[in-house]
Amino acid sequence: MRVLVIEDDHATADYLRKGLTEAGHVVDIAADGEEGLMLARDADLDVIVTDRGLPGLDGIGVLKALRNSRRHKHTPVLMLTMHSSVDNRVEGLDAGADDYLAKPFAFSEFRARLDAVARRAGRAAPSEVLRHADLELDPLTQTVRRGGRPIRLLRAEYRLLHYMMQRPGRVLTRTMLLEGIWKMSFDTGTNVVDVHMSRLRRKLEEGLADTAAPLIRTLRGSGYALGGTD
Amino acid sequence: VTTRRVSLAFRTALASAAAVLIVCLIGFGIVYWRAADRLDQELRGTVERTALREIVSYFPPETKDVPTLEDLIERVRLRNAASKDGVLLVLLDAFGRIEAGGMPGRVEMLQACVRRVVEHISYVACGRSWRLRNRDESHTLVISQPLPQATPAPSEQAIALLLVAIVAAPFAGGVGFIVSRRLERRLARVSSAAQSLMGGELGQRLPQSGTGDEFDRLVGTVNALLDRIALLMRDLSLVTDFVAHEMRTPLFRARQSLEAMAADASGEAAQRVATTLAELDRANRIFDAVLETTRVEKAPTVRIDLSEIVEGVGELFEGMIEDGQTLDVTVDPGLHVTGNRQLLAQAIDNLIRNALRHGGPGVRVGVALKAEDGRAVLTIVDDGPGIPEAERARVLEPGLRLDAAKAGHGLGLTLVAAVARRHGARLILGDAAPGLRVTLDLPIA
């Protein structure tokens, strides 16, 4: 992917460049809003990352300018901010950001969200039966089967599985799941997602050999993914 | 409030009327008393003059006509016997012994007029001494005449005062009533402005009437005080924003370095880096929790589906509960309110979490959302130990409770109370006998 990072803090810019380059992406760095817009003008970008609090033209202004340009009307934008309060988040999303991430964050969280906004397009229709390996989920009847055997799930478990099956192979962090499914962006201070996820996995793997590769992979320190590889 | 308002104006009116009435009655009393006194003086003068004239009439100026003792005794007897006007004479010899007649009260050899009260009747007694024709020593003749009771008819001034009292008292009462009603209305306006101030409309100022009177000056002073508070709050907000920003930058850079170290480290070092990262994240969470609580007041609100929020939060707890605890969630669908999704979800999350944590093993928690009288009423009931009545108010006190933040529990009920205030919601902690009943209700949008 080609990523433009607009960030005035050099340490953070370097940190993102290093991490993204290591992950095999091409990275452009801009130190302020005007430079960012200039770099974006003629470039084919897969995703744009912009800090909200930039000197001069701020992140919201950059976002508005991007959305008014022909080239980047639909380019995914991930906004970074120093504030985590709900009002800033709403403002950022209203201005047309695809996601919003509060500093400080773990790089794994950043990467997972960047991947998510970059691949936002092309989702299955809501009523379509979802399949992954021998797993089958019917959104209309809200039933889940594995190898034809019905699996009874709690509501939260069903919602987690549904969300993950809509995004196969994608790394989803705990906060992404809480925000995506329950629209909760506050810190619950608990391992609520982990507890539901482990129960879900137990139910999915029930009666299968221990040696079988689990459908849901746990990525230490970052999140979960349904199928796929590192 | 209504009864107090009426009674202030009414009391002022009554006091004004009473004051006027008392002043008029005292005036009437003074005028009447002075008239009576003057009448009494005049009467006495008249009576004294008549008495003296009569006495003198017994002793003509010509020496040859001076009566003898016997003559005089006879005349005194006749006069006293025929007395219809209460006039009595007494004749005394040179030693004060009675020769003839008598009179009420003490008898003495008077040479002038005195006033006496005998058995509640006022008398004027006047006396004179002469030498009688056939006697060497002088004799004294004393006349006693009752004084008519002085009961004057009320004078015109006194009547005028009474009339003034009758007319002026209700008038004063009316004026007092109107003035105090006006004052009350001004107070009511100030009071309602103060109420909305307390409700979080911090830009509001108390209304002035523009007359520049003492009351206006007081309101002006309070407004100046509010401006000052607003300024301090803005400063505080600037400082917290600044600190938040300036703290996050080094925290973030430290985190970046640690992440880089974690990638290179192995074994025990990797473990230590991971622990340090976790500590750093914990610091950041506490930091956020404290800052968020100070920002609840300014959080934006929109029309949202409260039913969906309660269901979502309940869903997350489903399957999380242990130790024989149960959680029962009943939600009327589609109840919309004007609010902030994150804050409401967090408040509900905190309430359920508190019920489960303080209820202990085996606690049964019931969550219900219902529509009642145009309000969305959320109740969270548990059969745990509850909160003693005396402590309920304290746990909802506004302001930060940093001990709670330090314990890493978020800000618990303090946050819930702040969220309730932001939403104009009623938050009531009650007794579920046994256990705690928390009711949070807010208007349906």
Side-chain angles (χ1 to χ4, degrees), chain A residues 8-16 18-19 22 52-53 80-91 94 102-110 153-160 177-179 181-200 203 220-221, chain B residues 241 244-260 262-263 274 277-278 280-282 284-289 291-292 294-296 298-302 304 308-309 311-320 322 340-343 345-347 349-350 353 408-410 415:
Chain A
D8 60 318
D9 181 49
H10 289 296
T12 303
D14 284 347
Y15 162 77
L16 295 178
K18 186 164 170 281
E22 274 171 13
R52 189 172 179 280
L80 308 178
T81 178
M82 279 294 179
H83 304 278
S84 65
S85 54
V86 285
D87 44 327
N88 288 318
R89 180 176 194 83
V90 169
E91 197 190 328
D94 278 354
K103 294 178 187 176
F105 49 78
F107 188 77
S108 53
E109 179 80 33
F110 170 76
L153 297 178
L154 289 174
R155 296 255 299 154
E157 294 156 7
Y158 171 82
R159 295 237 237 167
L160 279 170
L177 291 166
L178 272 177
E179 281 186 33
I181 301 171
W182 289 282
K183 297 175 196 159
M184 289 180 193
S185 62
F186 61 90
D187 175 28
T188 61
T190 57
N191 52 352
V192 52
V193 171
D194 294 336
V195 171
H196 284 298
M197 197 60 90
S198 71
R199 200 184 300 259
L200 170 64
K203 288 183 181 176
R220 212 171 65 79
Chain B
D241 280 353
H245 193 274
E246 295 305 305
M247 285 285 286
R248 278 206 177 93
T249 306
L251 277 174
F252 191 24
R253 286 186 186 155
R255 206 184 187 292
Q256 290 164 15
S257 310
L258 281 169
E259 269 193 17
L277 264 176
L280 205 60
D281 286 342
R282 197 174 105 83
N284 212 61
R285 275 203 304 277
I286 292 172
F287 197 56
D288 280 348
L291 288 176
E292 294 272 304
T294 64
R295 284 172 193 201
V296 168
K298 285 187 256 164
T301 58
V302 290
I304 45 167
E308 185 199 310
I309 296 174
E311 269 177 348
V313 175
E315 212 170 276
L316 281 172
F317 278 103
E318 202 185 359
M320 291 281 292
E322 291 157 349
N340 183 293
R341 169 184 290 275
Q342 299 308 323
L343 291 179
Q346 200 164 357
D349 180 276
N350 278 351
R353 200 175 299 283
H409 300 145
L415 182 88

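Naming: A, B, ... by sequence-line order, numbering from 1 per chain.
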Chemist: Name all residues meeting the ring-ring contact (aromatic ring centres under 6.0 Å, His included) criterion together with A:Tyr158; count only those two or more places apart in sequence or in a different chain, and write none if there are none.
Modeler: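 Testing A:Tyr158 for ring-ring contact (aromatic ring centres under 6.0 Å, His included), a comparison that skips the adjacent residues, returns A:His162.
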
Chemist: Which bit of B:Val313 is near chain A, if near means a heavy-atom gap under 4.5 Å: side chain, backbone, both or neither?
Modeler: both

Chemist: Check each atom of A:Arg199 against the heavy atoms of chain B and say whether the ones under 4.5 Å are side chain, backbone, both or neither.
Modeler: side chain

Chemist: Any Lys/Arg nitrogen of A:Arg159 or B:Glu315 sitting under 4.0 Å from an Asp/Glu carboxylate oxygen of the other?
Modeler: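 Here A:Arg159 pairs with B:Glu315 in a salt bridge, since their nearest N and O are under 4.0 Å apart.
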
Chemist: Under a 4.5 Å heavy-atom cut-off, does chain A meet the side chain of B:Thr249, its backbone, both or neither?
Modeler: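 Both parts, backbone and side chain.
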
Chemist: Under a 4.0 Å threshold between the charged nitrogen and the carboxylate oxygen, would B:Glu308 count as salt-bridged to B:Arg341?
Modeler: yes

Chemist: Do side-chain atoms of A:Tyr15 reach the backbone of A:Phe107 as a donor and acceptor pair under 3.5 angstrom?
Modeler: yes

Chemist: Need one label for A:Leu178: side chain, backbone, both or neither, based on atoms under 4.5 Å from any heavy atom in chain B.
Modeler: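 The side chain, not the backbone.
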
